[in-house]
Amino acid sequence: MQKTGMAVTGDEIAATGDMPTYQIRAPPTALPQGVVVAASPGSLHSPQQLAEEATRKRELRLMKNREAARECRRKKKEYVTCLENRVAVLENQNKTLIEELKALKDLYCHKAE
DNA sequence: TATCCCCGGCGTCATGTGAA
DNA sequence: TTCACATGACGCCGGGGATA
């Protein structure tokens, strides 16, 4: 089973502290190989043809859902990575602010003396 | 080396949701 | 209301580390 390419580059998830705007890929313009477009319902007659049509529809649905599930997992993973990056950024900011506060307190104490 | 356990990825089904 | 798509839940499978 082939893998689809990533829609978002690493740069877009860079730890800037901002939430990235996810780029959703445009839907494929052509059906994958092996998928046969169903004949129009009016051209079906025998029970066998109906059964084949039903099978074709089911396979098409399964294939689309397979792809959708992959894409969904990819996006979820990307989202989690983004959150982890944001956590790291905020932790750094917090550390910096605490140090800054400490420095200001020291300064204030020395001036007060 | 064999076995166990955990984890991540996958396919499928059921269901929610928005658009036509 | 119907349809297509997105996503949560579930079970299965294979890889890799830990242990006897």
Side-chain angles (χ1 to χ4, degrees):
Chain A
M1 196 62 75
Q2 67 173 14
K3 301 252 179 192
T4 55
M6 294 291 283
V8 179
T9 67
D11 292 340
E12 287 163 341
I13 325 174
T16 60
D18 295 322
M19 297 295 280
T21 50
Y22 297 107
Q23 285 190 339
I24 308 300
R25 258 172 296 148
T29 54
L31 286 170
Q33 285 186 339
V35 174
V36 181
V37 177
S40 64
S43 66
L44 294 174
H45 300 293
S46 71
Q48 187 183 350
Q49 280 176 315
L50 289 171
E52 284 173 1
E53 173 65 6
T55 301
R56 216 169 14 233
K57 279 186 177 174
R58 172 181 159 78
E59 285 175 357
L60 185 61
R61 182 170 50 79
L62 289 180
M63 191 195 70
K64 281 187 175 180
N65 188 244
R66 208 154 39 227
E67 294 292 327
R70 264 194 221 122
E71 177 66 7
C72 184
R73 286 173 182 131
R74 187 193 64 76
K75 283 199 298 181
K76 187 175 182 179
K77 216 173 160 186
E78 181 182 295
Y79 177 64
V80 168
T81 301
C82 177
L83 286 183
E84 287 169 348
N85 287 339
R86 185 158 170 75
V87 166
V89 166
L90 290 175
E91 280 177 350
N92 278 336
Q93 282 181 357
N94 195 35
K95 206 181 290 179
T96 302
L97 287 172
I98 287 172
E99 284 170 8
E100 198 177 322
L101 178 63
K102 190 168 169 246
L104 287 172
K105 274 184 179 173
D106 284 351
L107 194 64
Y108 177 76
C109 285
H110 285 125
K111 269 195 175 176
E113 285 171 4

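Each chain gets a letter, A, B and so on, in the order its sequence line appears, and its residues count up from 1.
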> Where do K64(A) and E67(A) land on the salt bridge (Lys or Arg N to Asp or Glu O under 4.0 Å) test, with the steps shown first?
Replying inline: CA-CA 5 Å; K64(A) 281 187 175 180; E67(A) 294 292 327; over 6 Å; no
> Within less than 4.0 Å of OP1 or OP2 of dT7(C), is there a side-chain N or O belonging to K75(A)?
Replying inline: yes
>> Test of understanding: with side chain to side chain contact (heavy atoms under 4.5 Å, CB included), list the residues that count as partners of R61(A), not counting sequence neighbours.
In response: R58(A)
>> Could you tell me how far apart L60(A) (CG) and dT12(B) (P) are, to the nearest whole angstrom?
In response: 13 Å
What protein N or O atoms touch nucleotides 13-16 of chain B N or O atoms at under 3.5 angstrom, if any, and at what distances?
residue: dC13(B); atom: OP1; partner: R58(A); partner atom: NH2; Å: 3.2
residue: dC13(B); atom: N4; partner: N65(A); partner atom: OD1; Å: 2.9

> Is R56(A) salt-bridged to E53(A), cutoff N-O under 4.0 Å?
Replying inline: yes
> K57(A) NZ to dA4(C) C1': how many Å, rounded?
Replying inline: 14 Å
> Which value, rounded to the nearest 0.5 Å, describes the distance between L104(A) atom CG and L107(A) atom CG?
Replying inline: 6.5 Å
>> Just the rounded figure in Å: distance from C1' of dC10(B) to NZ of K77(A).
In response: 12 Å
>> Can you see if the side chain of K64(A) gets near the phosphate of dA6(C) - specifically, an N or O under 4.0 Å from OP1 or OP2?
In response: no
> Whole Å only: how far is the CZ atom of R66(A) from the P atom of dA6(C)?
Replying inline: 16 Å
> Who pairs with Q48(A) by side-chain hydrogen bond (donor to acceptor under 3.5 Å, both in side chains), at least two apart in sequence or on another chain?
Replying inline: E52(A)
> Any ion pair linking K95(A) and E91(A) (charged N to carboxylate O, less than 4.0 Å)?
Replying inline: no
>> I'd like to know if R73(A) reaches the base of dG11(B) with its side chain, counting only an N/O donor and acceptor under 3.5 Å.
In response: yes
> Is any side-chain nitrogen or oxygen of R70(A) closer than 4.0 Å to OP1 or OP2 of dG11(B)?
Replying inline: yes
